[in-house]
Amino acid sequence: MPKYYLTTPIYYVNDVPHLGHAYTSIAADVLARYHKLNGDDVFLLTGTDEHGAKIAEAAKEAKKSPQEFVDQLVPKFENLCKVLNVQYSQFFRTTNPKHEKIVQEFIDKLNKAGYIEKRKYQGLYCVGCEKFLTPDDLVDGRCPDHKTEPVMQSEENYFFLLSKIAEEKDLYNLIKSDKFKVSPVARKNEVLGKIKAGLEDVSISRESVEWGVKFPGDESQTVYVWVDALINYLSATKIYKDGPIWPADLHLIGKDILWFHAVIWPAMLLAVGEKLPKEVFAHGFFTIDGHKMSKTVGNVLDPIELVEKYGADAVRYAILREFPFGEDGDISEEKIALRYEKELANGIGNLLNRTLVMINKYGAKVSDKEIDRLGTSVGEKVQRLDFHGALETIRLIVETGNEIIEEKKPWELAKGNKTKELNELLNEVYWILNSITKNIASFMPDTSEKMKKQLKTLKPEPLFPRIEK
Ligand code: ME8
């Protein structure tokens, strides 16, 4: 069985999860399910990023110790996966002592290999991003993502010699040649352009942050939260897997954390002689009226509330359907409600219902002849992470099913006693439904199961009931 190891980011537990977190996790789950259905041995890793200044500040505000604070929030992230039907193989927490030890060993290796140096540093730090920003990053003196003013920090830190390793191993060409793939292409070019403009070494320790992994060899500092976090992908394979599953096949992330995954992480791996992940794919952002949805900004949609109202499958469908995966797009409850009504209730739901009703009413004989009209085209799109396109293909075939019924009017064929034509027509739509059932399995697993059952028993039950406005 070929292995397929994919990851989501590990999310900050400074607050409850929002729809942005749900987006990446759902996409990862769709891919994982698709690969499982195709016979791959899938390992889907997700989890929580629990150290650093951002979490420490949130804990302080909640008048809790950081550990108590994260322990109380982590279950909300695990629960989100459950509610969304995201079947992870392992939920990873960076406060796991085994991971902390692996982080220290990793840094020891970086040090022995000659890629760490102590330096004095001064810069503008954004706690929301957990990174130093350059004056060029700022808009009106503020972080464009978090709308907060960064704070000037001056410390003596340990630095990772990013520029040295990137040059020695020619990271630029590893990315350019797709030996280490950065997707989509626009993101790859963005990264290449930035590397060309020059790389700065990265401060990988903090004197002022107590809540973190102790820096090996200097207990007065903690490991920079991003270094701790990135190592999770490798550490999980050591803690939870015996077999060789590193390198990861795919790191799925949002575009906000592309630099860490496409430049800093591979450089860290190269410096300790580990293999590089095969691919990093950065998707776009949900925006609300054009602004990034973020906890720090305070304009988030609650995925749990949406699932309670529309069901997990509809939320999974609606958010992957709304706009192409690599791009940004506006989202709102109204948009989700519209997809629900038009494409799910009046689309798939209606096609299934009316077909089963007619098969029963006219006593048609249907058979499970295997024609998967959609299989190749949907599969290709899912593999390219074109979820939006895959769902559009499925929607079109639903539309075709409904159109065939409208055009050929089975009720008139029945009136005219045209039994053969009637049977052929209902069989055709029945096959279309079988093919839809198969192809939505990774996107809407429960709906697919329900459809399978109904197509077998020919007992219609509403798939997407009407929702009170
Ligand atoms: O960055 N639209 O965690 P985080 C789409 N702990 N996706 C969004 C989104 C939005 N508006 N907002 C967030 C961190 N996301 C680090 C990661 S990994 C080693 C460490 C998703 O809680 C998207 O995947 O800020 C984004 O990259 C991630 O959540 C950031 O989550």
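Both counts, for ligands and for their atoms, begin at 1 and track the order of listing.
- Numbered from 1 in the order shown, with element, the atoms of ligand 1 that lie under 4.0 Å from a heavy atom of G254 read 23 (C), 24 (O), 26 (C), 27 (O).
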Practice task
Evaluate the side chain to side chain donor-acceptor pair (under 3.5 Å) criterion for residues E130 and Y224: first the C-alpha distance (whole Å), next the side-chain angles of each, then the deciding distance (0.1 Å), finally the verdict.
Solution key: CA-CA 9 Å; E130 287 280 19; Y224 175 35; over 6 Å; no
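- For the pair K164 and Y115, the cation-pi criterion (under 6.0 Å, within 45° of the ring axis) is fulfilled.
- When atom types are taken as modelled, the side chain of S448 and the backbone of T437 share a donor-acceptor pair closer than 3.5 angstrom.
- The protein non-hydrogen atom at the shortest distance from atom 2 (N) of ligand 1 is F286 N, 2.8 Å.
- Every heavy atom of W265 sits 4.0 Å or more from the atoms of ligand 1.
- The closest non-hydrogen atom to atom 27 (O) of ligand 1, taken over I253, I231, D256, N14, comes from D256.
- Between F91 and Y240, the distance from one ring center to the other does not fall under 6.0 angstrom.
- Here the heavy atom of the protein found nearest to atom 22 (O) of ligand 1 is Y12 N, 2.9 Å.
- Less than 4.0 angstrom separates some heavy atom of M293 from each of these atoms of ligand 1: 10 (C), 11 (N), 12 (N).
- Atom numbering of ligand 1 starts at 1 in the shown order; those under 4.0 Å from a heavy atom of G284 are 5 (C).
- Across all their heavy atoms, Y5 and Y233 have their closest contact at OH-O, 2.5 Å.
- Residue L161 comes nearest to I116 through the heavy atom pair CG-N, 4.3 Å, listed as atom of the first residue, atom of the second, then distance.
- Side chain of K188 to backbone of K176: a donor-acceptor contact under 3.5 angstrom is found.
- A cation-pi arrangement is absent between K131 and W226 under the rule of less than 6.0 angstrom and at most 45 degrees off the ring axis.
- Among all protein heavy atoms, the one lying closest to atom 1 (O) of ligand 1 is I257 CG2, 3.5 Å.
- Contact atoms of ligand 1 toward D49: 6 (N), 16 (C), 20 (C) (distance under 4.0 Å to a heavy atom of the residue).
- Contact atoms of ligand 1 toward P9: 18 (S), 24 (O) (distance under 4.0 Å to a heavy atom of the residue).
- Taking all atoms of both residues into account, the shortest heavy-atom contact from A229 to T94 is CA-CG2, 4.4 Å.
- Looking from atom 17 (C) of ligand 1 to the surrounding protein, the closest heavy atom is I10 O, 3.2 Å.
- Heavy atoms of E130 found under 4.0 angstrom from ligand 1: none, in either backbone or side chain.
- A donor-acceptor pair is defined here as one N or O able to donate and one able to accept, closer than 3.5 Å; such a pair exists between the side chain of K3 and the backbone of I245.
- If you number the atoms of ligand 1 from 1 as listed, the ones under 4.0 Å from a heavy atom of T24 come out as 21 (C), 23 (C), 24 (O).
- Less than 6.0 angstrom separates the ring centroid of F159 from the ring centroid of Y121.
- In terms of modelled atom types and a separation under 3.5 Å, the side chain of H21 and the main chain of P9 share no donor-acceptor contact.
- Of all the heavy atoms of Y233, the ones lying under 4.0 Å from any atom of ligand 1 belong exclusively to the side chain.
- Atoms CD1 and CG, from I26 and D29 in turn, are 8.0 Å apart once rounded to the nearest 0.5 Å.
- Set against the non-hydrogen atoms of Y11, the atoms of ligand 1 under 4.0 Å away are 3 (O), 22 (O), 29 (O), 31 (O).
- The nearest heavy-atom contact from the protein to atom 9 (C) of ligand 1 is G20 CA, 3.6 Å.
- When heavy-atom distances to ligand 1 are checked against a 4.0 Å cut-off, T8 has no atom that comes that close, whether in backbone or side chain.
- Nearest non-hydrogen protein atom to atom 29 (O) of ligand 1 is H21 CD2, 3.5 Å.
- Of all the heavy atoms of H283, the ones lying under 4.0 Å from any atom of ligand 1 belong exclusively to the side chain.
- Per-residue contacts place A229 under 4.0 angstrom from the following atoms of ligand 1 (heavy atoms of the residue considered): 19 (C).
- Contact between H18 and ligand 1 is present, with at least one heavy atom of the residue lying under 4.0 Å from the ligand.
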